[in-house]
Novice: 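Right, I'll just put the structure down here and ask away after.
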Amino acid sequence: MDNQITFLDGLNKEQSKAVDHYEGPLLVVAGAGSGKTRALTHRIAHLISEYKVEPSEILAVTFTNKAAREMKDRLEILLAQKLAKIEFGQPFSTLKISIQSELRTRIYREVIKEIWIGTFHALFARLLRFDIEKYVDKEGLKWTRHFSIYDEKDALSLIKEIVTEDLQLDPKRFEPKKIRWAISNAKNKGILPDILEESAEGLRSRLTAKAYRVYRKALAANNALDFDDLLLLPVQLLQQSKETRDYWHKRFKHLLVDEYQDTNWTQYELIKLLVTNGEPPSSFKAWEGRSVFVVGDADQSIYSFRAADFRILMGFEQDFGANSKGNYDSNVVKLEENYRSTSNILEAANSLISNNKERIDKVLKATRSSGDLIKLTRCDDEIAEAEAVVHRIRLIDAANNNLNWSDVAILYRTNAQSRVIEESLVRWNIPYIVVGSLRFYDRREVKDILAYLKLLINPSDSVSLLRVLNVPKRGIGKTTIQKFTDAASQLGVTVWDIVTDPEAIRSLGGRSSKGLLEFREIIQELQSHLNSSGPAEIIRLALEKSGYIKELISIATDEAEERRRNLEELVNAALQYQEENEAGDLEGFLATAALASDADNKDSSLNRVTLMTLHSSKGLEFPIVCLVGMEQGLFPSYRSLDDPASLEEERRLCYVGLTRAKEKLCLFHANERRLWGGMREPAVSSIFLSEIPSELIEGDIPLSGGTVLRRDNRLERLTRVDRGSPSDVSKKSHDAPSNAVRRYSSGPAPGKKWSIGDVVIHSRFGRGEITHVFGSGEKISIAIKFIGMSPKILDPRLAPIKPIDEL
DNA sequence: TCAACGGGTATTTTT
DNA sequence: TACCCGTTGA
């Protein structure tokens, strides 16, 4: 090659093997902190500059939008550095700033813009903008390229409506949330209503299948897709249309997928369709000038609740490997050297994760010195815990002159845990940012305006229409809306058709006709600007013409003021979008908004402590990590306590948390914790704490033997759990016993001896026999084999079990 | 038509 | 605690 820089410089042997990979399938098993992002970006740069791959032939899938943006950024810098060497013969950083930015702009225009980088959802939403009109549905449903994207809330409100209106069911008995979940699951497995109907047994599943059918129909009538559709429709389209499939298969010669362990069935299907053009991967031979490159770590698979399945990663070699052997030495590279964490932290993580059974054999090797011990702090309750976290942070701050607040992350299992910690941070005047709790685009005012925008582009979108028809108030009430929706469904037209029909307004509108006419005019006027104005300008117009801003001004409270600022922020977001996407239009912006997550906006330049869930922390790293709420039932979540597979997932989540830390790791747990409302619950320290070697931990150590923290007045308090009249109580415990009630009323006496061979009765699983006893004293788990089920590992103090001789 | 109130209920994690 | 929903009263 004609210059000194290659993208293999400074990489270890395994990393360069990955980066230098050209054709065929390759699985990169990349442990935490092993430099996988580096491997990914360098490989793309390498493909383009050494193997002369066209940027437009590359499809790179990231897990978040933020990761996508970062990848583009890094890539831009890498390639600009190389260009600097070629054109000026000197390092990029020594060039004048103006020249630097000119180089970057050129790289952006010629290369970065051409590569498809994004999340599965963003990329395939983009593909659908091209091809959705070619999709032929079994049931005759149709969508146009102007489809709306419904977020989880939109989808849920649609389902709620279907359950109550169309199916005339009681939403208490048939919870929309559960139905939504069932439908989502079906979609993620590629199952359409007809198949679900066939396999449905019992009233409940038949009704779910029915709801699914109606829901799909409603989506189509609204010309809308939910998140799952963004993946499922492309799968079906690529399966059914050879022409479409050929096109995209030819177009994308090199696929890269990050966080492959969190891929689900539809995503896997999409990869296969694009890579092998529909042929079975094991017999696919045409690898010349073509590759699929996936990077992942089974130990960090934490999204099975979203239908992700890390066995897809485990099966990669078999799937794609069989036939490429011979041509390629191996299709697995393992990155096992950890450059991130001190060896104490790493050893703790390794030891923890070794308790999982289902793994790929892999051990992270330390490259750094031992560092500090892990600090463990036990606190009285969640308030004391929050204070302890802040105290710890202040101690570290006092001992380090150059500590930035942004070096610190506080991680927790559930979003609800953030509040108490925030209060402490406020008290001590430490700046912080909470990532992920409330998405910017989920704020009411923002969603309202987005609904206006969606409606402009897609008037069939009645969810959006009904959202803003009377916002701000135009005197259009429930009865009018009901009349209109009824008329629309009877005539088989959209609500918009009714709203724009002068006859309909006159006959149905009554007192609200004025407001309706007004609304119609607003929308139509805004529509007339669609072709001539950019997203930001249209948003400004919408804010003004809709009367939304005017209303907020007239309210004149702090809250209204806050909302106005958020809407200004929305305009800014649109401006930023326009900057980042030269040809970006309103549709593009709306798609970005629908698929954005809160984590995407985290501005790392702000010097603030970061608060977030363990899930959001994936892929990030911090010098200092505080992990709070290490208690049984919270982390691991109580829902995982009686299921070994989900307990393993919780453990992976813990592994992710520990491996975020570079220098210092501080763990916290509380003796008791107020759970929603005010009721205190005694807490048992997390099983994960006992899986970290105690010599790596300092602080008050409850390790061997564990701690059960119980107040003497426990029983007294428990009787008060059952509030209200006796009849209420009995009814409650029949319907849905709350966890607290069940836990304490049916649990055996503390300190009860369990031995192998004992027979127990579990309130859900029935009769079972104890096969193992782990630990002793207060820290005890037992494995029970229930009839017809795989063995379950339970905490006898939490699980609703009784020894059989007590019955 | 709409705001305000109260009771009941629920919490895992998110593209 | 916080949100959602149905009821009530203006």
Side-chain angles (χ1 to χ4, degrees), chain A residues 61-68 118-125 149-153 155-157 160 164 171-172 175-177 181 184 188 225-231 259 262-264 266-267 301-308 382 411-420 435-439 441-442 470-482 510-512 515 591-592 594-600 612-618 629 633-641 646 649-650 652-654 656-657 674-679 723-724 728 731-732 735-736 738-740:
Chain A
V61 186
T62 58
F63 197 70
T64 62
N65 297 295
K66 187 172 165 232
T119 62
F120 272 108
H121 291 86
L123 292 171
F124 287 91
I149 298 173
Y150 280 180
D151 65 21
E152 219 38 59
K153 275 196 184 143
L156 197 63
S157 72
K160 211 176 285 173
T164 54
K172 293 248 164 63
E175 292 169 64
K177 249 193 195 154
W181 188 81
S184 183
N188 280 318
L225 301 177
D226 65 19
F227 286 160
D228 305 319
D229 290 328
L230 294 178
L231 307 179
E259 308 284 8
D262 283 319
T263 312
N264 65 28
T266 22
Q267 296 170 158
S301 162
I302 54 175
Y303 279 95
S304 72
F305 67 92
R306 220 168 74 189
E382 76 282 355
L411 309 181
Y412 36 78
R413 177 67 239 267
T414 66
N415 277 308
Q417 288 168 260
S418 76
R419 233 200 56 232
V420 209
V435 175
S437 53
L438 181 60
R439 251 172 34 121
Y441 293 105
D442 277 342
N470 196 33
V471 178
K473 304 262 173 303
R474 300 188 180 88
I476 305 167
K478 249 198 221 132
T479 36
T480 313
I481 288 176
Q482 192 63 51
R511 272 185 301 177
S512 34
T592 308
L595 299 172
S597 73
D598 190 48
D600 298 336
M612 64 183 147
T613 62
L614 287 151
H615 281 89
S616 318
S617 77
K618 186 164 89 160
L634 182 60
F635 188 36
S637 152
Y638 71 94
R639 309 179 87 117
S640 68
L641 291 179
S646 25
E649 176 144 320
E650 295 284 310
R652 291 193 293 271
L653 188 56
C654 186
V656 167
R674 234 175 304 252
L675 293 175
W676 65 85
M679 202 186 30
R723 301 151 281 188
D728 279 343
K731 191 166 154 243
K732 192 175 178 184
D735 277 6
S738 85
N739 199 30

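Keep in mind that the numbers below use all heavy atoms, side chains included, and drop hydrogens, waters and symmetry copies. In what follows, chains are A, B, ... by sequence order, proteins preceding strands, each numbered from 1.
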Novice: Apply ring-ring contact (aromatic ring centres under 6.0 Å, His included) to A:F635 and list each qualifying residue two or more places apart in sequence or on a separate chain.
Specialist: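 A:F635 satisfies ring-ring contact (aromatic ring centres under 6.0 Å, His included) with A:F688 only.
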Novice: Using the test salt bridge (charged side-chain N to carboxylate O under 4.0 Å, His left out), find all partners of A:D226 that sit at least two apart in sequence or belong to another chain.
Specialist: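 Expected list: A:R180, A:K187.
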Novice: Take the protein atom CD1 of A:I481 and the nucleotide atom P of B:dT1, then report the distance between them rounded to whole Å.
Specialist: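 Spelled out: CD1 on A:I481 to P on B:dT1 is 9 Å.
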Novice: Please state whether the rings of A:Y303 and A:F63 are parallel, tilted or perpendicular, taking 30° and 60° as the class boundaries.
Specialist: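 Geometry flag for A:F63 against A:Y303: tilted rings.
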Novice: Give the nucleotide from the list B:dT13, B:dT11, B:dT15 with an atom nearest to the side chain of A:T613.
Specialist: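 Closest of the options to the side chain of A:T613: B:dT13.
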Novice: Check nucleotides 3-7 of chain C against the protein and report each pair of N or O atoms closer than 3.5 Å, with its distance, or say if there are none.
Specialist:
{"from": "C:dC5", "atom 1": "OP1", "to": "A:K160", "atom 2": "NZ", "distance (Å)": "2.9"}

Novice: Answer yes or no for this row: A:F305 ring on B:dT13 base, centroids under 5.5 Å, planes under 30°.
Specialist: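 Given the distance and angle limits, yes, they stack.
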Novice: As a test of reading the structure: which of C:dA2, B:dT12, B:dT13 is closest to the side chain of A:R419, going by heavy atoms?
Specialist: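 Minimum distance to the A:R419 side chain belongs to C:dA2.
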Novice: Could you state the CD-P distance from A:Q417 to C:dA2, rounded to the nearest angstrom?
Specialist: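 Rounded to whole Å, this separation is 15 Å.
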Novice: At under 4.0 Å between heavy atoms, what does A:T480 touch on the DNA or RNA strands: base, sugar-phosphate, or nothing?
Specialist: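 Sugar-phosphate: the residue A:T480, judged by heavy atoms under 4.0 Å, touches backbone atoms but no base.
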Novice: Reading DNA chain C 5' to 3', how would its secondary structure be written in dot-bracket notation, given Watson-Crick and G-U pairs with both distances under 3.5 Å, brackets [ ] for crossing pairs and | for partners on other strands?
Specialist: ||||||||||
Novice: With sequence neighbours excluded, tell me which residues meet salt bridge (charged side-chain N to carboxylate O under 4.0 Å, His left out) with A:R639.
Specialist: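 So A:R639 forms no salt bridge (charged side-chain N to carboxylate O under 4.0 Å, His left out) with any residue.
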Novice: Please state how far atom NE2 in A:H615 lies from atom C1' in B:dT12, giving the value in whole angstrom units.
Specialist: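 Interatomic distance, NE2 of A:H615 to C1' of B:dT12: 8 Å.
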Novice: For the pair made of NZ in A:K473 and C1' in B:dA3, what is the distance, rounded to whole Å?
Specialist: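 Answer to the nearest Å: 9 Å.
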Novice: So, do A:Y412 and A:H615 have ring centers that fall under 6.0 Å from each other?
Specialist: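 No, ring centres 6.0 Å or more apart.
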Novice: What interatomic distance, in whole Å, is found between C1' of B:dT11 and the corresponding atom of C:dG6?
Specialist: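 About 23 Å, rounded to a whole number of Å.
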Novice: Within the structure, does a side-chain N or O atom of A:T479 lie under 4.0 Å from either OP1 or OP2 of B:dT1?
Specialist: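 So the side-chain polar atoms of A:T479 do come within 4.0 Å of the phosphate oxygens OP1 or OP2 of B:dT1, strictly under.
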Novice: Is A:S616 close enough to B:dT14 that one of its side-chain N or O atoms is under 4.0 Å from OP1 or OP2 there?
Specialist: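 Checking A:S616 against B:dT14: at least one side-chain N or O falls below 4.0 Å of OP1 or OP2.
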Novice: Go through the structure and list residues passing side-chain hydrogen bond (donor to acceptor under 3.5 Å, both in side chains) with A:T263, not counting sequence neighbours.
Specialist: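 Partners of A:T263 by the side-chain hydrogen bond (donor to acceptor under 3.5 Å, both in side chains) criterion come out as none, since no residue qualifies.
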